[in-house]
Novice: 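Let me begin by handing over the structure; questions about it come next.
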Protein chains: 2
Amino acid sequence: MAPTIYDIAREAKVGIGTVSRVFNNHPSVSDETRKRVMRVATRMNYHPHPLARGLAQRRTNAILVFVPFFTSFFFVEILEAVQSTLSEVDCDLILHGITHPDHAEISLRRNSFRGRVDGILFFSMRMPEEFAAEYAHLRVPVVLVDTHDDRFDSFSVQNVHGGMGATEHLIRQGHTRIGMLNASLDSPPARERLAGFRQAMRDARLPLREEWILSSPSGPLDGFTKQSGQALMKQLLSLPRHDRPSALVVSSDIQAIGALQELGQSGLRCPDDIAVTGFDDIEIAAHFNLTTIRQPMSEMGALAARRLLERMKDPEIPVVQKTFEPELIVRGTTAVPPVKSTRQSRRA
Amino acid sequence: MAPTIYDIAREAKVGIGTVSRVFNNHPSVSDETRKRVMRVATRMNYHPHPLARGLAQRRTNAILVFVPFFTSFFFVEILEAVQSTLSEVDCDLILHGITHPDHAEISLRRNSFRGRVDGILFFSMRMPEEFAAEYAHLRVPVVLVDTHDDRFDSFSVQNVHGGMGATEHLIRQGHTRIGMLNASLDSPPARERLAGFRQAMRDARLPLREEWILSSPSGPLDGFTKQSGQALMKQLLSLPRHDRPSALVVSSDIQAIGALQELGQSGLRCPDDIAVTGFDDIEIAAHFNLTTIRQPMSEMGALAARRLLERMKDPEIPVVQKTFEPELIVRGTTAVPPVKSTRQSRRA
DNA sequence: TAATTTTGTGGAAGCCCTTCCACGAAAACT
DNA sequence: AGTTTTCGTGGAAGGGCTTCCACAAAATTA
């Protein structure tokens, strides 16, 4: 069997405490002893048992990450950032990919209570109240990203500004007849993006045409789907030609892509007939040449992970709520009509 | 603090052994006692400590998954499949996303030795020999996916057949002047795909023009990158116009996309000037309308996870090497020139 | 030189479980 | 009736570590 600390102690002719101290970089071990222990440990291929260590130290060196699998696009980027931050402190990442928001609860219940992990990183979903209350009360280190709760640190993007930014961009392009295709209003981000849109329109004294402001019904993924985008666009195109907007703010890239497809199938062109903006800047947005609002997912992931580590060190630090400014990424779907964009040459 | 088994035993007026038995569904506990213990446990919100349990049972209920982040495209799909399989048995997934193949070694060294996990799932990378030997010797349950080693169970796609399939498809389309843009020959899959290409060409008695068979130099990701595809295409296009192939088998989608971009920038059209096939069927392949060879990643992930669980139950079961037949997905980049494909309408 | 402080070390106790052995009571047998 | 088997249970031992207290030896101070 694998050697234990006792084996090393015996071989190196020291006490077990000393071996432990060597492996924890405790200062009060003489250089000579330390070297001797290390030599024996290397020879015997000794590695401290993580579970035993965790049990004794009352920590696990692992955090639980809840990500929705269905937002597969940024989530890779996020995970990458999170992991690279965690690896600096040798902390494991236990992944719980949630395929349906309701599963989050089950997943939380089964895991996470006591000692399994030292902290939780929770992405893009609302944490069920039962757990939120429990965690807040027990001071379990929890950090939220792309979602919000007063009781926990949270990192999210300024959705209102994003909605405004997209709208203002279209206005600057000369559009005055602007509509919005939104996800379900059940989703806080969707509501915020809509608020930004309305605000920008009001600020520019442009008319808000309610029949141009369409939202998904509540449904899977709160309507952040290609199907939803396609359906909403179809609904919009049922309006008579002369009574359509010339530009649309869409509440997510994935919906925008659905909308673009519908547009294409109706023989309409983007941006010539209708300009479109997305939201998120997911990987394929660039390939669709989609103007969009970028969320700094990677940055948010890294900062959130770092924050979680701090909170694990000291659970009493005050809660912070940080918001990020989204960034407008201008591409072909909002090119000013007269100027021919270069996207024509970029096809496969 | 959180209640322990002792607290429950005291409250329920039973011994600790009994409490433990209740939580492990041990049969020899009377119904009455079981109920009483459960009632107390629920009231006190008791949950067994996973680390203590792991230490005592000598297992962790966790497996380590190594995935290359750089293949971000399928990896989401894989993880989803793996996790859904694991969740059936309440096993945790510790994720090690590798950003660079060399990191795998560091990651393996730090983790995985002894008790941290019960098994390892290793994707798409060659396992460093040092560990392979160690694991094989110690009978650590290891399952490989999209990579191969005689000492471990492995699940991978028939790359040779994939290469042949792509080539044969082009031949059926009427192409006779066919080349290949390959990743680095350091990579076994790259070599196998090339072998398939050569085989198909030989079978069809078509000439193999070595100057049309280009491979990436060894480098980052073994040349499975957009940059590599772009560079190889550029190199190919440096041939005089009349001396170019009319179709190219490319060893991965990501390279194919790079190649297509280069093609576009040179004012050439696909498939009219040069037809292209990819490999993998990553998410964006569909958006590029890329004909490709699909790997059943999700299926492989699920089967691999299941196999790992079996091996964890019984490490002595014989090693199996399963290969999957890849599937040809025909799209626009190999459309027969005369027939106008529908992809023209599908743009944004 | 004696008294004090510092340095390095050993190992018991404790972290929270599981598992096994022992044992009394009840049930099933002579 | 006594004897054997079964059932349900208690709790010690053990899993491999950390941490703290005690203590001897060495270094410092008076």
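Please read all numbers here as calculations on a predicted model, not as lab measurements. A, B, ... follow the sequence lines: proteins, then strands. Residue 1 opens every chain.
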Novice: Please tell me which of B/Ile16 and B/Leu51 maps to the more 5' nucleotide of DNA chain D, matching each residue to the nucleotide holding its nearest heavy atom.
Specialist: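 Closer to the 5' end of DNA chain D: B/Ile16.
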Novice: Looking only at the side chain of B/Thr33 (C-beta and beyond, no hydrogens), which of the listed nucleotides D/dC17, C/dG10, D/dG8 gets closest?
Specialist: D/dG8
Novice: Rounded at 0.5 Å granularity, tell me how far CD1 in A/Ile94 sits from CZ in A/Arg116.
Specialist: 4.5 Å
Novice: Would B/Arg151 and B/Glu129 pass as an ion pair if we require N to O under 4.0 Å?
Specialist: yes
Novice: Among C/dG10, C/dT19, D/dG14, which is the nearest nucleotide to the side chain of B/Gln57?
Specialist: C/dT19
Novice: Five pairs per end, C1' atoms only: what is the angle between the end axes of the helix from C/dT1-D/dA30 to C/dT30-D/dA1, to 10 degrees?
Specialist: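 Taking five pairs per end, the axes differ by 40°.
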Novice: Could you check whether B/Phe23 gets within reach of a base, just the sugar-phosphate, or nothing at all, counting any heavy atom under 4.0 Å?
Specialist: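 The answer is nothing, as B/Phe23 stays clear of every strand by at least 4.0 Å.
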Novice: Between C/dG10, C/dC16, C/dT18, which nucleotide gets closest to the side-chain atoms of B/Ser20?
Specialist: C/dT18
Novice: Do A/Asp146 and A/Ser156 get their side chains close enough for a donor-acceptor pair, meaning under 3.5 Å?
Specialist: no
Novice: Under 4.0 Å, heavy atom to any atom of DNA chain D: which of residues 24-32 of chain B qualify?
Specialist: B/Ser28, B/Val29, B/Ser30
Novice: Does any donor-acceptor pair link the side chain of B/Arg21 with the base of D/dG10 at a separation under 3.5 Å?
Specialist: yes
Novice: Rounded to the nearest angstrom, tell me the gap between atom CZ in A/Arg59 and atom P in C/dC16.
Specialist: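 Taking CZ of A/Arg59 and P of C/dC16, I get 16 Å after rounding.
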Novice: Checking side-chain polar atoms at under 3.5 Å, does A/Ser84 have a donor or acceptor matched by the opposite partner on A/Ser87?
Specialist: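 There is no such pair between these side chains.
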Novice: Atom CZ of B/Arg116 and atom P of D/dG16: how far apart are they, to the nearest Å?
Specialist: 16 Å
Novice: What is the distance from CZ of A/Arg36 to C1' of C/dT9, rounded to the nearest Å?
Specialist: 11 Å
Novice: Strictly below 4.0 Å, N to O, side chains only: are A/Glu88 and A/Arg306 in salt-bridge contact?
Specialist: yes
Novice: Measuring from the side chain of B/Thr4 (C-beta onward, heavy atoms only), which nucleotide among D/dG14, C/dC16, D/dC17 has the closest atom?
Specialist: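 The closest nucleotide is C/dC16.
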Novice: Look at atom CZ of A/Arg126 and say whether more than 12 heavy atoms of other residues, nucleotides or ligands are closer to it than 6.0 Å.
Specialist: no
Novice: Is any side-chain N of the basic residue among B/Glu316 and B/Arg311 closer than 4.0 Å to the acidic one's carboxylate O?
Specialist: no
Novice: Would A/Tyr46 and A/Phe23 count as a close aromatic pair, with their ring centres under 6.0 Å?
Specialist: yes
Novice: Heavy-atom count around A/Glu32 CD within 6.0 Å, excluding the residue itself: above 12?
Specialist: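 Not more than 12 within 6.0 Å, no.
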Novice: What's the closest nucleotide to the B/Ala56 side chain, out of D/dT19, D/dT9, C/dC17?
Specialist: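 Comparing D/dT19, D/dT9, C/dC17 against the side chain of B/Ala56, the answer is C/dC17.
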